[in-house]
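The structure appears below as structure tokens.
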Number of protein chains: 2
Amino acid sequence: MSEYLARVRQAGCRLTKARRAVIAYLQAHDEPQTAATVHRGLRGMRTDLASVYRTLELLERLGVVSRESDGKTAAYALADHHHHHIVCRGCHRKTCLPCALRLPSPRGFSAVQHQVVLTGVCASCAQSS
Amino acid sequence: MSEYLARVRQAGCRLTKARRAVIAYLQAHDEPQTAATVHRGLRGMRTDLASVYRTLELLERLGVVSRESDGKTAAYALADHHHHHIVCRGCHRKTCLPCALRLPSPRGFSAVQHQVVLTGVCASCAQSS
DNA sequence: CTATAATTGCAAACCATTCGCAATAGTCGT
DNA sequence: ACGACTATTGCGAATGGTTTGCAATTATAG
């Protein structure tokens with residue numbers, strides 16, 4: 001049983017097919033995935049989009065996945081697969097960046113995760129303006 | 001004319017009442033505001049929520065305001081009023097944090113802004129679980 | 001193997017955000 | 001200050017991601 005499934009179990013939650021499938025899917029994809037993408041990836045089994053949302057929400061609450069949102073659509077990834085992106089404010093294209101952030105844990109908080117969203121203007125957009 | 005209004009003008013955009021009002025409202029509020037909140041704050045004048053959204057989008061594109069999203073509702077603040085938050089994954093309460101991030105500008109990008117969203121489990125939620 | 005409560009699938013509701021379009025109002029040149 | 005030109009607005013309606021209620025299903029404890 002994967003470490004992730006174990007954590008679900010430890011939280012007193014059941015190991016259902018849907019949950020296993022969502023976790024497996026995220027393990028196979030490093031880049032953050034939207035709920036819709038995950039759902040599409042599970043189209044072999046009879047799984048509802050709503051259940052995907054519920055599962056992702058559970059996993060986020062447990063700290064197993066992180067949720068990154070560009071304002072409209074949220075994307076989820078295993079908290080392990082951690083890196084960042086810079087989004088061009090012109091063309092909205094994403095570029096991956098390694099995580100270079102080292103922060104002290106804020107007072108009183110535990111299990112701290114972070115999400116960094118960088119925006120800027122990419123070279124080609126800077127030219128065309 | 002405020003520095004912000006000047007930047008709108010320099011971008012070749014008109015200084016309308018709605019834009020002045022939105023900027024003024026954000027100047028008066030340090031904490032990130034949702035489009036709905038801004039709109040409510042402008043209820044003296046006949047302003048439409050859609051225009052608030054259009055104005056905020058413009059200001060974001062110009063780099064005057066930053067947009068921070070928790071996945072459902074986006075919040076906007078003047079890029080000046082910059083700090084971060086840590087959100088408890090249990091109770092969802094926010095706590096402000098000073099910005100301690102110093103990053104080199106990623107290759108090829110200019111006018112880089114960042115947004116950091118920290119999540120964790122606050123002391124009282126850690127107890128009750 | 002059974003009982004029990006957690007989860008799911010489905011469909012409908014929600015709500016933030018966006019879009020089309022005619023009316024309005026900044027700006028620039030005169 | 002005036003008029004023309006076009007960006008911007010207000011309004012209403014559409015969109016689309018996300019959530020919810022509920023009956024049927026299914027994982028788990030005993």
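Quick caveat: nothing in here was measured; it's all calculated off a predicted structure. So that the names make sense, note that chain A is the first sequence line, chain B the second, and so on, each numbered from 1.
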Has the side chain of [X] got a donor or acceptor atom that lies under 3.5 Å from a matching backbone atom of [Y]?
X: H39(A); Y: T47(A); value: yes
X: R43(B); Y: R40(B); value: yes
X: T55(A); Y: S51(A); value: yes

Could you tell me whether the phosphate oxygens of [N], OP1 or OP2, come under 4.0 Å of any side-chain nitrogen or oxygen in [X]?
X: R9(B); N: dC28(C); answer: yes
X: Y53(B); N: dT18(C); answer: no
X: T73(A); N: dG17(D); answer: no
X: T16(A); N: dT8(C); answer: yes
X: R19(A); N: dA6(C); answer: no

Distance alone, cut at 3.5 Å: any donor-acceptor contact between the side chains of T73(B) and T34(B)?
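The answer is no; no qualifying pair exists.
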Whole-Å distance between [N] [atom2] and [X] [atom1]?
X: R14(B); N: dA4(D); atom1: CZ; atom2: C1'; result: 11 Å
X: L49(A); N: dT19(D); atom1: CG; atom2: C1'; result: 10 Å
X: R54(A); N: dG17(D); atom1: CZ; atom2: C1'; result: 15 Å
X: H39(B); N: dT18(C); atom1: NE2; atom2: P; result: 15 Å
X: D48(A); N: dT19(D); atom1: CG; atom2: P; result: 13 Å
X: R20(A); N: dA6(C); atom1: CZ; atom2: P; result: 19 Å
X: E57(B); N: dA7(D); atom1: CD; atom2: C1'; result: 15 Å
X: L58(A); N: dT19(D); atom1: CG; atom2: P; result: 13 Å

Touch class at under 4.0 angstrom, heavy-atom based, for T34(B) against every strand present
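It contacts nothing in the nucleic acid.
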Of the nucleotides dA11(C), dG10(D), dT27(C), which one has an atom closest to the side chain of A50(A)?
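Side chain of A50(A) sits closest to dA11(C).
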Given dT18(D), dT28(D), dT27(C), the nucleotide with the shortest approach to the side chain of A74(A):
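Nearest to the side-chain atoms of A74(A), counting from C-beta on, is dT18(D).
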Here's a test for you: under side chain to side chain contact (heavy atoms under 4.5 Å, CB included), which of L58(B), L42(B), V65(B) qualifies with V22(B)?
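Exactly one pass, corresponding to L42(B).
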When the nearest nucleotide of DNA chain D is assigned to A36(A) and to R46(A) on a heavy-atom basis, which residue is associated with the more 5' position?
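Its nearest nucleotide lies further toward 5', so the answer is A36(A).
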With DNA chain C as reference, determine whether C13(B) or A75(B) sits nearer its 5' end, using the nearest nucleotide of each.
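Looking at the nearest nucleotide for each, A75(B) comes out on the 5' side.
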